[in-house]
Amino acid sequence: MSGYDFDLFTIGAGSGGVRASRRAAGFGARVAIAEQRFLGGTCVNIGCIPKKLFSYAAHFKTDLKDARGYGWSFEQPTFDWRTLLEAKNREVERLNGVYGDLLNQSGVELIRGRAKVTGPHTVEVDGRTFTSRYILVATGSSPTVPEIEGAEHCITSDDAFFLDRLPERVVVVGGGYIAVEFASIFNGLGVDTTVVYRGDRVLKSFDKDLGHFLAEQMTRRGVRFRFNTEIQKIERDGTACNCVTSGNERLPCDTVLYATGRRPNTAGLGLESVGVALAPNGAVMVDKAFRTAQASIYAVGDVIHRVQLTPVALAEGMLVADSLFNRGAEHMDYSGIPTAIFSHPNVGTVGLSEEQAIACGYQIDVYRSVFTPLKHTVSASGDKVLLKLIVDSKSDRVLGVHMVGDDAGELLQGFAVAIKCKATKAQFDATVGIHPTIAEEFVTMRTKVGA
Ligand code: NDP
C-alpha cells in the first residue's frame, strides 16, 4: 500500500482512460478518474458512435432507392433531422450511463471537474488536491481549424452533432476520415455537398486506389469535389456563407465544416511545469512504455498523437494498466492495425498500401478486382466495389488487404486476423469462399495486376 491517495489517477474518462482505470482497478489498484465533461469521451459523445448512427441514417436514402429495383414502391420518403438528433442523443445518454456504471462496478472513483497536474504525484481538481503513485493523461484531442479569414463562420465535427437544423448546402474542407464521412452523411441526408481538398486525392495516407475509387463512387452519389483547392476566406452573407477558393471560385453554402485534423488536448494541464515534454503540436511525448519525461506520469490515446483510433487507445490503456499493476508487457505492437472509414461506400484497410510496401523495399504482386456486387445488378444503382491485395512476391505473405464497398468495415476485421497471423496468398487461395458474397473475391483473385 503506497502512502498516496491513489495508485493511479487518470485524467480523462474517454476510451483509453476508462479502459486503463477499470483494468488497473481489476488488478487491485486504487484508482480515480477525473472528467470535466462527458463520460466516454470523443468516441461516445462526438465521434464514432453518433457518427455511425448518422451514417446509418444517411444510408437509407440509397437503400430506399435500391429497393425500387427489387419491386418495392412507396411515396417519396421524407427525412426529419430532429427525430434523428433526439434518437442519437438518447443513445449517447444511455452510453454515458453505461460508462458510469462500469466505473462504479469496478471500484474506480469518478471525480467530476477539470484536473491539473501540479506535481509528479499530485493532481488538483477544482481546488481539491489528490496524490497518486502514477498519473495517466488520457485527455484526447479536439478538431483544429487553420487560421483563415472568416474561420469563425465554420463548424467542426464537434458542432455537426448538434446542429439545430439540417443545412441545405454544405462545404466540407479536408480529405481525411472526417471529411469523407461527413460529406457522405450530409449527401445521404439530402444536403447539397461539396468537398474542398488541397490535394489531388482524398485519403492520402491510404493506398492510392482507395482515394480515387472512393471519390468516383461518392461523385456518382452526388457529392462534388474540388481538388487542389484551398479556401482563402469565408464570408458571411446573411444566414449563408461564401467560401472563396484559391481558384477564386465562390462556393455559396449554409454550413462550412472543417475536418482538417485534430490537436492533442494538453493546454492548461500543467504538464510542462512538472517536467513532461510536449511535441510542437502539443502531443505528450512518451517512450515505448507510454512513460513521459516525468517517470510517474503516463499518457495514452489521441493525446500522444500516434494513431488516433479508439481501439488503439483501448489497447494502449490496457497495456499501461497491465505493465504497472500486473507485470505485463510494456510495448504495444502497432503493426497490422485495421481501420475503416464509414464513408458511403465504406473503406476498409489493413496492412501495407502498395506505396508503403514498395517504400519498405518489398518486391510485390498486386491483385485488384473492381466489380458490380450481386445486390447492385438488380438495384441498378451502378455501385461497384474495389478489392485489392498486396503480396510479398518472395515470401508469398499477404502484406495488405484493402476494400471500398458495402460493409468494408465489417468485412476487414476477419482479414485483419489473417494479416496478424502472417497469412500467405497460397493460404488465401486454399480458403473456400462464401458464396455469393463480395468477400469471396478475396480468396479467388488469381490474376496479378499487369500480368
Ligand atoms: P485526418 O488527418 O484524417 O485528415 C485531415 C485532412 O485535413 C487531410 O486531408 C489534410 O490534408 C487536411 N488538412 C490539414 N490541414 C489543412 C489545412 N491547413 N488546410 C486544408 N486542409 C488541411 O483528420 P480528420 O480531422 O479527418 O480526423 C482526425 C483523426 O480522427 C483521423 O486521422 C482518425 O485517426 C480519427 N478518426 C477515425 C475515424 C474512424 O476510425 N472511422 C473517423 C473519424 C476520425 P493533407 O492530406 O493534404 O495533409
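The figures here come from the full heavy-atom set of this structure, side chains too, leaving out hydrogens, waters and symmetry mates. Residues take their numbers from the sequence shown, with the count starting at 1. Just so you know, ligand 1 is whichever comes first in the structure, and atom 1 is the first atom listed for that ligand.
- Under the side chain to side chain donor-acceptor pair (under 3.5 Å) rule, Arg224 has a single partner from Asp192, Asn187, Thr193, which is Asp192.
- A donor and an acceptor atom, one from each side chain of Ser141 and Arg262, are located under 3.5 Å apart.
- Using a 4.0 Å cut-off between a side-chain N of Lys or Arg and a carboxylate O of Asp or Glu, Glu330 and Arg291 qualify as a salt bridge.
- With sequence neighbours excluded, the residues satisfying side chain to side chain contact (heavy atoms under 4.5 Å, CB included) with Thr255 are Ile155, Pro167, Val170.
- A salt bridge links Lys51 with Glu181: at least one charged nitrogen is closer than 4.0 Å to a carboxylate oxygen.
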Distances for all N or O pairs of ligand 1 and the protein under 3.5 Å?
residue	atom	partner	partner atom	Å
ligand 1	3 (O)	Tyr177	N	3.3
ligand 1	7 (O)	Ala259	O	3.4
ligand 1	9 (O)	Gly175	N	2.9
ligand 1	9 (O)	Gly176	N	3.3
ligand 1	11 (O)	Arg198	NE	3.4
ligand 1	25 (O)	Gly261	N	2.9
ligand 1	26 (O)	Tyr177	N	3.3
ligand 1	26 (O)	Ile178	N	2.8
ligand 1	34 (O)	Gln308	O	2.7
ligand 1	41 (N)	Glu181	OE2	3.0
ligand 1	41 (N)	Ala340	O	2.8
ligand 1	46 (O)	Tyr197	OH	2.8
ligand 1	47 (O)	Tyr197	OH	3.1
ligand 1	47 (O)	Arg198	NE	3.0
ligand 1	47 (O)	Lys204	NZ	3.2
ligand 1	48 (O)	Arg198	NH2	2.9

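- Between Asp254 and Arg169, at least one side-chain nitrogen of the basic residue sits less than 4.0 Å from a carboxylate oxygen of the acidic one, meeting the salt-bridge criterion.
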